[in-house]
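Order of the sequence lines fixes the chain letters, A, B, ..., with proteins taken first and strands second; residue numbering starts at 1 for each chain. Atoms considered below: every heavy atom in the structure, side chains included; atoms not considered: hydrogens, waters and symmetry mates. Computed from a predicted structure; not experimentally measured.
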Amino acid sequence: MSKININLPDGTSKQFESGVTSMQIAQSISEGLARNVLSAKVNGAVWDANREIEADATLNLLTWNDEEGKSTMWHSSAHLMAEALESLYPGIKFAIGPPIESGFYYDIDFMEYEFSEADLPKIEKKMIELARMKNVFERKYVSKPDAIKYFEEKSDQYKRELIQDLEDGEITFYTQGGFTDLCRGPHIPHTGFIKAVKLLSVAGAYWRGDENNPMLTRIYGITFPKQAELDDYLQLLEEAKKRDHRKLGKELELFTFDDDVGPGLPLWLPKGAFLIEQLEQLAKTTERKAGYQRVKTPHIAKENLYITSGHLPYYKDSMFPPMQMDGSTYYLKSMNCPHHHKLFDALPKSYKDLPVRFAEYGTCYRYEKSGELFGLMRVRALQMNDAHIYCTKDQFAQEFRAVNDMYLKYFKIFGIDKYIMRFSTHSPEKLGKKYVDNPKLWKETEDMVRKVLIESGIPYKEVADEAAFYGPKIDVQIYSVIGREFTLATNQVDFAQPLSFNLTFTNQNNESEHPIVIHRAPLGTHERFIGFLIEHYAGKFPLWLSPEQVRILPISEKFNEGCKNILQSLENYDIRASLDDRGEKIGKKIRDAEMAKVPYMLIIGEKELDEGIVSIRKQGEGDQGSKSVKEFAEFIQQDVNEIMSI
RNA sequence: GCCGAUGUAGCUCAGGGGUAGAGCGCUUCCUUGGUAAGGAAGAGGUCAGGGGUUCAAUUCCCCUCAUUGGCUCCA
């Protein structure tokens, strides 16, 4: 037996017999470690802990504390669920069952069985029962014909289809207890590691994600090595629900939807409208300083505009149906760019005029499919923080960088520290179909964007085949506190529309030249951004953004008159204050103000009025002592100014 | 658009083949209270809409609409 060297993460190296498993190595280090090992990274690839290592290797033992360890556990959990399902519903067919960010799912064809959410507890129980048997996950190589034969006998057409696409020689099966599945692995040593199970939901999902394929039943679940961790997770889900923008939006009276107005068409209540105004003011100030000019454009346009822009053939289905008027066809606009291009074209441009930056909070209408609507995050009427920058190739890098800097400034103001820029490029095979057919300009612009991203050191991820049809784009993905990930804003390069609109400027050599256009929307749309902010702040907006900054709470109605003077003083300092003059007890008034998440409460009784002071209570933090009205007002102003000076 | 769930008072929800309930909110009255809910009375519902089964439907069945968990999609 030959010896092999195993390099461990602490820098040490140990000798073992060839054929040693990660589990045995873990045991040689400590029993405790061995009890926690779920899988192992061998030379960078995640393996079963029971798999034999035959040559020198770098080893990283994976436990529940590693992302890959969790992933292994959840992958095995999907198999465990499949085993439980097969024993309860013999003959059902399995498609795919991968681990996901939190937990796992399995897509199943339930055949003639009726299956609903009510059946989940039964399956959880079975899974626990099977887990306790500590069945080992056994890996075995299977030849392609044997693999196909196995699933043909089970008449599982999904697995067969999957195997068809695999290379002979690399097909493996895993068996635990009485269940065998096609699987690359890796898996945990045995099912006993799974101690707590929660099946979360049942949903439909198309086979291979294609809406033309049959719909399968997808079961989502999550498992943990300890019951306590499952309890914590469920607690977290509860917390997330409390932050849901749809719930808070109602409670804080920000927005509403109405059947008579229509789905996906939000109505903004005064407090929500205030948020909009405040964000617009921020955008206008920021953009003015950055050399943007504001423009205004109508909400509809003739069909021809969208034919010229090239949008219509790509997006007709997601535009509201056209209107016929005076022999012409009109569309509600679903983007502002063509209108802005026409503004650019309205007056002749010299290179001396560039860059031209047109900004508008434009309202657009998109016919999102009914099932895609989601609170404020996906709507059919949206107000976009839009702008288009027309510049020369030489100016591009600087302009693009300036846009990125604007993003970063906003992130700082809003305390967004978890984000990633997603750099979407085209796919050469789809030129002329999904993308404008101009390979040279695609390459040129993609190179330019990549260069700026690298130079500015912003974290980014490059993804092919996700660009806009007219050029590469950067989407800003952010993560809300409750783990919801979405695209907040977008920054796109456009070389195609300047050509299709024949936008030109006269260059130094007195020649006509096409500008490059940058489409950008750092604050995305009001709808999505405010939806995000509600969840981000859990409804507790920072002072500068709060519709109601201060609420004055008289101890009794006797002091209402005196409080009106305080209210007046605060208003003179431009502080958004209100007076709760109801005949309620102070405890009730405080409770209501706390629930309305008003940042500051001023409690005013005989003592305060006599001494000319205010007693301050901060939302969520309680009594803050007292100050004179002037001191308090200046304190508020300073807090607001700090943010505005970022 | 597709699969599943849900729709009862302004809000959160209970109920159930014999024409409806709670808490909060709202209105009025009493109370004038010092840091998270004072007391009483009252108003408020075509049980999402339409059709069917039934002596009788808010309840059972079908369709539509809306919301929602996902899938697909997101210029």
- Item | By side-chain hydrogen bond (donor to acceptor under 3.5 Å, both in side chains) - contacts of A/Glu251 (at least two apart) | A/Lys247

- P atom, B/rG44 versus B/rG50: distance in rounded Å? 22 Å

- Query: So does A/Lys242 pair up with A/Asp244, basic N to acidic O under 4.0 Å?
  - Reply: no

- Task: Remember a base hit wins even if backbone is also touched, and classify A/Phe115 as base, sugar-phosphate or nothing at under 4.0 Å, heavy atoms.
- Result: nothing

- Message: Would you measure the distance from the C1' atom in B/rG45 across to the matching atom in B/rC26 and give it in whole Å?
- Response: 15 Å

- Task: Enter the distance from A/Lys473:NZ to A/Thr445:OG1 here, rounded to the nearest 0.5 Å.
- Result: 14.0 Å

- Taking only Lys NZ, Arg NE, NH1 and NH2, and the carboxylate oxygens of Asp or Glu, determine whether A/Arg208 and A/Asp165 approach each other closer than 4.0 Å. yes

- Task: Assess A/Lys627 against A/Phe635: is NZ or CZ under 6.0 Å from the centre of the six-membered ring, and within 45 degrees of the ring's axis?
- Result: yes

- Task: Indicate whether any N or O donor in one side chain lies under 3.5 Å from an N or O acceptor in the other, for A/Glu557 and A/Asn560.
- Result: no

- Message: Given a 3.5 Å cut-off on both pairing distances, which stems involving RNA chain B, each at least three consecutive Watson-Crick or G-U pairs, are present, if any?
- Response: B:1-7 with B:65-71, B:10-13 with B:21-24, B:26-30 with B:38-42, B:48-52 with B:60-64

- Message: Students often get this wrong, so: under 4.0 angstrom with heavy atoms, is A/Thr487 touching a base, only sugar-phosphate, or nothing?
- Response: nothing

Let me check something: any side-chain donor-acceptor pairs from residues 594-602 of chain A under 3.5 Å, sequence neighbours excluded? List them with distances.
from     : atom 1 : to       : atom 2 : distance (Å)
A/Glu594 : OE1    : A/Gly620 : N      : 3.0
A/Glu594 : OE2    : A/Arg617 : NE     : 2.8
A/Glu594 : OE2    : A/Arg617 : NH2    : 2.9

- Task: Report yes or no: does A/Lys93 contribute a side-chain atom to a donor-acceptor pair with the main-chain N or O of A/Met111 at less than 3.5 Å?
- Result: no

- Item | Pair listing, side chain to side chain donor-acceptor pair (under 3.5 Å) test, anchored in residues 257-273 of chain A, at least two apart | none

- Task: Name all residues meeting the ring pair (Phe, Tyr, Trp, His ring centres under 6.0 Å) criterion together with A/Tyr460; count only those two or more places apart in sequence or in a different chain, and write none if there are none.
- Result: none

- For atom OH of A/Tyr435 and atom C1' of B/rA75, their distance in whole Å: 12 Å

Output a table of nitrogen or oxygen pairs between the protein and nucleotides 71-73 of chain B separated by less than 3.5 Å.
from   : atom 1 : to       : atom 2 : distance (Å)
B/rC71 : O4'    : A/Gly204 : O      : 3.2
B/rC71 : O2'    : A/Tyr206 : N      : 3.1
B/rU72 : O2'    : A/Glu211 : OE2    : 3.2
B/rU72 : O2     : A/Glu372 : OE2    : 3.3
B/rC73 : O2     : A/Glu372 : OE1    : 3.2
B/rC73 : O2     : A/Glu372 : OE2    : 2.9
B/rC73 : O2     : A/Arg378 : NH2    : 2.5
B/rC73 : N3     : A/Arg378 : NH1    : 3.2

- Message: Any salt bridge linking A/Arg582 with A/Asp592? Criterion: basic side-chain nitrogen under 4.0 Å from a carboxylate oxygen.
- Response: yes

- On RNA chain B, more 5' by nearest nucleotide between A/Lys250 and A/Thr217 is A/Thr217

- List for me each residue that meets salt bridge (charged side-chain N to carboxylate O under 4.0 Å, His left out) alongside A/Glu606, sequence neighbours excluded, and say none if there are none. none

- Going by an N to O cut-off under 4.0 Å, is there a salt bridge joining A/Arg243 and A/Glu535? no

Could you run down the sub-3.5 Å N/O contacts of the protein with nucleotides 64-67 of chain B?
none

- With sequence neighbours excluded, what pairs up with A/Asp109 under the salt bridge (charged side-chain N to carboxylate O under 4.0 Å, His left out) test? none

- nucleotides 32-40 of chain B: protein proximity per nucleotide (B base, S sugar-phosphate only, - neither; heavy atom, under 4.0 Å): BBBBBBB--

- The correct set of residues in residues 308-315 of chain A placing a heavy atom under 4.0 Å from RNA chain B is A/His311, A/Tyr315

- Message: Suppose we screen for ring pair (Phe, Tyr, Trp, His ring centres under 6.0 Å). Which residues come up paired with A/Phe344, at least two apart in sequence or across chains?
- Response: A/Tyr390

